[in-house]
**Student:** 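The structure under discussion is supplied below as structure tokens; questions concerning it will follow.
Source: prediction; values computed, not measured.
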Amino acid sequence: MKTKKLGNQGLVVSALGLGCMGMSEFYSGRDEEESIATLHRALELGVTFLDTADMYGPFTNEKLVGQAIKGQRDRVILATKFGNVRSEEGGFLGVNGHPDYVRQACDASLKRLGVDVIDLYYQHRVDTTVPIEDTVGAMAELVQQGKVRYLGLSEAAPATIRRAHAVHPISALQTEYSLWSRDPEDEILPTLRDLGIGFVPYSPLGRGFLTGQFTKPEDLPADDYRRNAPRFQGENFYKNLQLVDKVKSIAATKGVTPSQLALAWLLAQGDDIVPIPGTKRRKYLEENVGATEITLTANELKQIESVAPKGVAAGDRYPTQHMSAVNR
């Protein structure tokens, strides 16, 4: 597995990461034993950049990841997040970026993960009621105390990124980016490259839609949160299926899977881009890792561009109430 630099502060990660959210919540069909086996297989394959958050579960995903990496901490680049506040019962309580909460959240994450230091600590969502300077100032104190090595933001707007970076160097920004979510190309990516910040795309497979596994909305289990996502609903679903069919066709010609094509396209967008496809099964992890060995020609990239231009997806990427919390 190749490695890539995120930012200019010394953070080096595997060229492909692993998103762990679905192992504990939101997607159906969870199996803790298989999830831990998937995490172990990831390390064997050189996928050492693991992504979790305190809100996943809630609180259980960090414990799962911590359990899986026990005795192997030195092989892992561990990323987690704070800011989306949830109750023990799972209720969503809003976003909190107050300095006191930053400190409390970090200590709680360290305990759940069973580690002494977090490699990359993200603010999961920006709290617009607290100056970003105050939040990042508290995060910088965690670096000084040795509890955190590098800082990140998630779903932050360009102006917010610049203000945060002026307080303490930001090593990575995490935002949704894929063949059907190309908005970051307009302002986010140019801002990151101007400041020397790495980019970590989450949902690089469109929450599984770009894998080609769904043919109708009913394919999603009743307890799967994607049923609430506009892109997975009604007419939007079938419009987006047309994109998937075109991706499938290009992938078949190339002799790869749709997932591998989508990831290879992302990897080709820059050496500062490290996708974190999520999976809870070893077979899909191995398929995703195969994308790192795929080289796309200029003609193939042009062909993909023609079927997946900016704005190609039908529907917002989140329900209306959640869209208000992104790009702030």
**Student:** Run Val247 and Ile250 through side chain to side chain contact (heavy atoms under 4.5 Å, CB included) and show every step you take.
**Tutor:** CA-CA 5 Å; Val247 171; Ile250 298 173; 5.9 Å; no
**Student:** Could you tell me whether a side-chain N or O of Arg75 sits under 3.5 Å from a main-chain N or O of Leu43, the two making a donor and an acceptor?
**Tutor:**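 Checking the backbone N and O of Leu43 against the side chain of Arg75, a donor-acceptor pair under 3.5 Å is found.
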**Student:** Quick one: does any side-chain atom of Arg231 pair with a main-chain N or O of Gly315 as donor and acceptor, under 3.5 Å?
**Tutor:**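 Yes; at least one donor-acceptor contact below 3.5 Å.
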**Student:** Count I, L, V, M, F, W, Y as connected when their side-chain heavy atoms are under 4.5 Å apart, and connections chain through other members. Are Ile36 and Phe49 then in the same cluster?
**Tutor:**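 Different clusters: Ile36 never reaches Phe49 through Ile, Leu, Val, Met, Phe, Trp or Tyr contacts under 4.5 Å.
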**Student:** side-chain hydrogen bond (donor to acceptor under 3.5 Å, both in side chains) for Glu176 and Ser181? Distances and angles first, verdict last.
**Tutor:** CA-CA 7 Å; Glu176 185 172 352; Ser181 291; 3.2 Å; yes
**Student:** So, does Ser24 use its side chain to make a donor-acceptor pair with the main chain of Met21 at under 3.5 Å?
**Tutor:**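 Not confirmed, Ser24 side chain does not pair with Met21 backbone.
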**Student:** Heavy atoms only: give me the nearest Arg125-Val95 pair and the separation to one decimal.
**Tutor:**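 Nearest heavy atoms, Arg125 then Val95: O-CG1, 3.4 Å.
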**Student:** Would you find a donor on one side and an acceptor on the other, under 3.5 Å apart, between the side chain of His168 and the backbone of Ala140?
**Tutor:**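 Not at all, since once roles are kept as given, no pair shorter than 3.5 Å links the two residues.
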**Student:** For atom NZ of Lys63, decide whether the heavy atoms of other residues, nucleotides or ligands shown that lie under 6.0 angstrom number more than 12.
**Tutor:**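 Result for NZ/Lys63: open.
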**Student:** Give the intermediate values and the outcome of side chain to side chain contact (heavy atoms under 4.5 Å, CB included) for residues Val326 and Arg317.
**Tutor:** CA-CA 10 Å; Val326 301; Arg317 52 195 181 98; 3.8 Å; yes
**Student:** Would you compute the distance between atom CZ of Arg207 and atom CZ of Phe26 and round it to the nearest 0.5 angstrom?
**Tutor:**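 With rounding to 0.5 Å, CZ (Arg207) is 10.5 Å from CZ (Phe26).
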**Student:** Any chain of hydrophobic side-chain contacts (each under 4.5 Å) joining Ile118 to Leu153?
**Tutor:**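 Shared cluster, yes.
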**Student:** For Glu133, look at atom CD and say whether over 12 heavy atoms of other residues, nucleotides or ligands are found less than 6.0 Å away.
**Tutor:**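 Yes.
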**Student:** Name all residues meeting the ring-ring contact (aromatic ring centres under 6.0 Å, His included) criterion together with Tyr177; count only those two or more places apart in sequence or in a different chain, and write none if there are none.
**Tutor:**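 For Tyr177, the residues satisfying ring-ring contact (aromatic ring centres under 6.0 Å, His included) (neighbours in sequence not counted) are Phe199, Trp265.
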**Student:** Taking only residues two or more places apart in sequence, or in another chain, which ones meet His124 in a ring-ring contact (aromatic ring centres under 6.0 Å, His included)?
**Tutor:**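 Scan of His124 (ring-ring contact (aromatic ring centres under 6.0 Å, His included), adjacent residues dropped) gives Tyr56.
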**Student:** Considering residues, nucleotides and ligands other than Asp116, do more than 12 of their heavy atoms fall under 6.0 Å from its CG?
**Tutor:**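 No, the 6.0 Å shell around CG holds no more than 12 heavy atoms from other groups.
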**Student:** Looking at Glu305 and Lys302, does any basic side-chain N land under 4.0 Å from a carboxylate oxygen?
**Tutor:**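 Here Glu305 does not pair with Lys302 in a salt bridge, since their nearest N and O are not under 4.0 Å apart.
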**Student:** For the pair Asp224 and Arg227, find out whether any cationic side-chain nitrogen is under 4.0 Å from an anionic carboxylate oxygen.
**Tutor:**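 Not counted as a salt bridge, because no side-chain N and carboxylate O are separated by less than 4.0 Å.
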**Student:** Return the minimal non-hydrogen interatomic distance between Gly198 and Leu6, and the atom names on each side.
**Tutor:**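 Nearest heavy atoms, Gly198 then Leu6: CA-CD2, 3.8 Å.
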**Student:** Does one side chain, of Asp54 or Ser109, offer a donor that lies under 3.5 Å from an acceptor on the other?
**Tutor:**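 Per modelled atom types, Asp54 and Ser109 side chains form no pair under 3.5 Å.
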**Student:** Quick one, Thr297 with Asn299, criterion side-chain hydrogen bond (donor to acceptor under 3.5 Å, both in side chains). Give me CA distance, side-chain angles, the key distance, then yes/no.
**Tutor:** CA-CA 5 Å; Thr297 66; Asn299 283 338; 5.4 Å; no
**Student:** Compute whether any side-chain donor of one residue and acceptor of the other, for Tyr284 and Gln213, lie under 3.5 angstrom apart.
**Tutor:**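 Gln213 and Tyr284 do not have a side-chain donor-acceptor pair below 3.5 Å.
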**Student:** Is a salt bridge present between Lys310 and Asp186, judged by a nitrogen-to-oxygen distance below 4.0 Å?
**Tutor:**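 A salt bridge links Lys310 with Asp186.
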**Student:** Between His40, Glu34, Glu44, which is the residue that forms a side chain to side chain donor-acceptor pair (under 3.5 Å) with Arg282?
**Tutor:**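 Option passing the side chain to side chain donor-acceptor pair (under 3.5 Å) with Arg282: Glu34.
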**Student:** Is a salt bridge present between Arg41 and Glu286, judged by a nitrogen-to-oxygen distance below 4.0 Å?
**Tutor:**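 Salt bridge: yes.
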**Student:** Taking 4.0 angstrom as the limit, do Lys239 and Glu235 come out as a salt bridge?
**Tutor:**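 So Lys239 pairs with Glu235 through a salt bridge.
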**Student:** Any salt bridge between Glu141 and Arg103, counting N to O under 4.0 Å?
**Tutor:**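 Yes, charged N to carboxylate O under 4.0 Å.
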**Student:** Is the shortest distance from a Lys or Arg side-chain nitrogen in Asp271 or Lys5 to a carboxylate oxygen in the other one below 4.0 Å?
**Tutor:**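 Judged by the 4.0 Å cut-off on N to carboxylate O distance, Asp271 and Lys5 do not form a salt bridge.
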**Student:** Can you list the residues that meet the ring-ring contact (aromatic ring centres under 6.0 Å, His included) rule with Phe209, with sequence neighbours excluded?
**Tutor:**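 ring-ring contact (aromatic ring centres under 6.0 Å, His included) check on Phe209 returns Trp180, Phe232, Phe237.
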**Student:** I'd like to know if Asp51 and Lys81 make a salt bridge, using a cut-off of under 4.0 Å between side-chain N and carboxylate O.
**Tutor:**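 Between Lys81 and Asp51 there is a salt bridge, with a charged N closer than 4.0 Å to a carboxylate O.
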**Student:** Answer with yes or no whether the side chains of Ser154 and Gln123 bring together a donor and an acceptor at under 3.5 Å.
**Tutor:**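 There is no such pair (donor and acceptor under 3.5 Å, judged by atom type) between the side chains of Gln123 and Ser154.
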**Student:** Hey, quick one: are Ile132 and Val167 part of the same hydrophobic cluster, counting side-chain heavy atoms closer than 4.5 Å, chains of contacts allowed?
**Tutor:**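 Yes, Ile132 connects to Val167 through the hydrophobic network.
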**Student:** Give a yes or no on whether Glu33 atom CD has more than 12 heavy-atom contacts from other residues, nucleotides or ligands under 6.0 Å away.
**Tutor:**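 Open: at most 12 neighbouring heavy atoms sit under 6.0 Å from CD of Glu33.
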**Student:** Using a 3.5 Å distance criterion without hydrogens, assess whether the side chain of Thr52 forms a donor-acceptor pair with backbone atoms of Thr80.
**Tutor:**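 Side chain of Thr52 to backbone of Thr80: no pair is present.
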**Student:** If the threshold is 4.0 Å, N to carboxylate O, is there a salt bridge linking Glu300 and Lys254?
**Tutor:**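 Salt bridge: yes.
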**Student:** Return the minimal non-hydrogen interatomic distance between Pro230 and Asn236, and the atom names on each side.
**Tutor:**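 So the minimum-distance heavy-atom pair works out to O-ND2, 3.1 Å.
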**Student:** I'd like to know if Arg193 pairs up with Asp272 as an ion pair, taking the criterion as any Lys NZ or Arg NE/NH1/NH2 lying under 4.0 Å from an Asp or Glu carboxylate oxygen.
**Tutor:**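 Yes, Arg193 and Asp272 are salt-bridged.
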**Student:** Please report the closest heavy-atom contact between Leu296 and Ile304, naming both atoms and the distance.
**Tutor:**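 Smallest heavy-atom distance, with atoms named: CD1-CD1, 3.9 Å.
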**Student:** Hey, would you say the Tyr121 and Tyr150 ring centroids sit under 6.0 Å apart?
**Tutor:**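 Not under 6.0 Å, so no.
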**Student:** Just by modelled atom types, is the Ile77 backbone N or O under 3.5 Å from a matching donor or acceptor in the Thr48 side chain?
**Tutor:**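 A pair under 3.5 Å: no.
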**Student:** Closest approach of Leu78 and Asp119, non-hydrogen atoms and distance?
**Tutor:**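 Shortest heavy-atom separation between Leu78 and Asp119 comes out as N-OD2, 2.7 Å.
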**Student:** OG1 of Thr60 to CD of Glu32: how many Å apart, nearest 0.5 Å?
**Tutor:**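 Between atom OG1 of Thr60 and atom CD of Glu32 there are 8.5 Å.
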**Student:** Got a second to check how far Gln260's CD is from Ile294's CD1, nearest 0.5 Å?
**Tutor:**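 Between Gln260 CD and Ile294 CD1, I get 4.5 Å after rounding to 0.5 Å.
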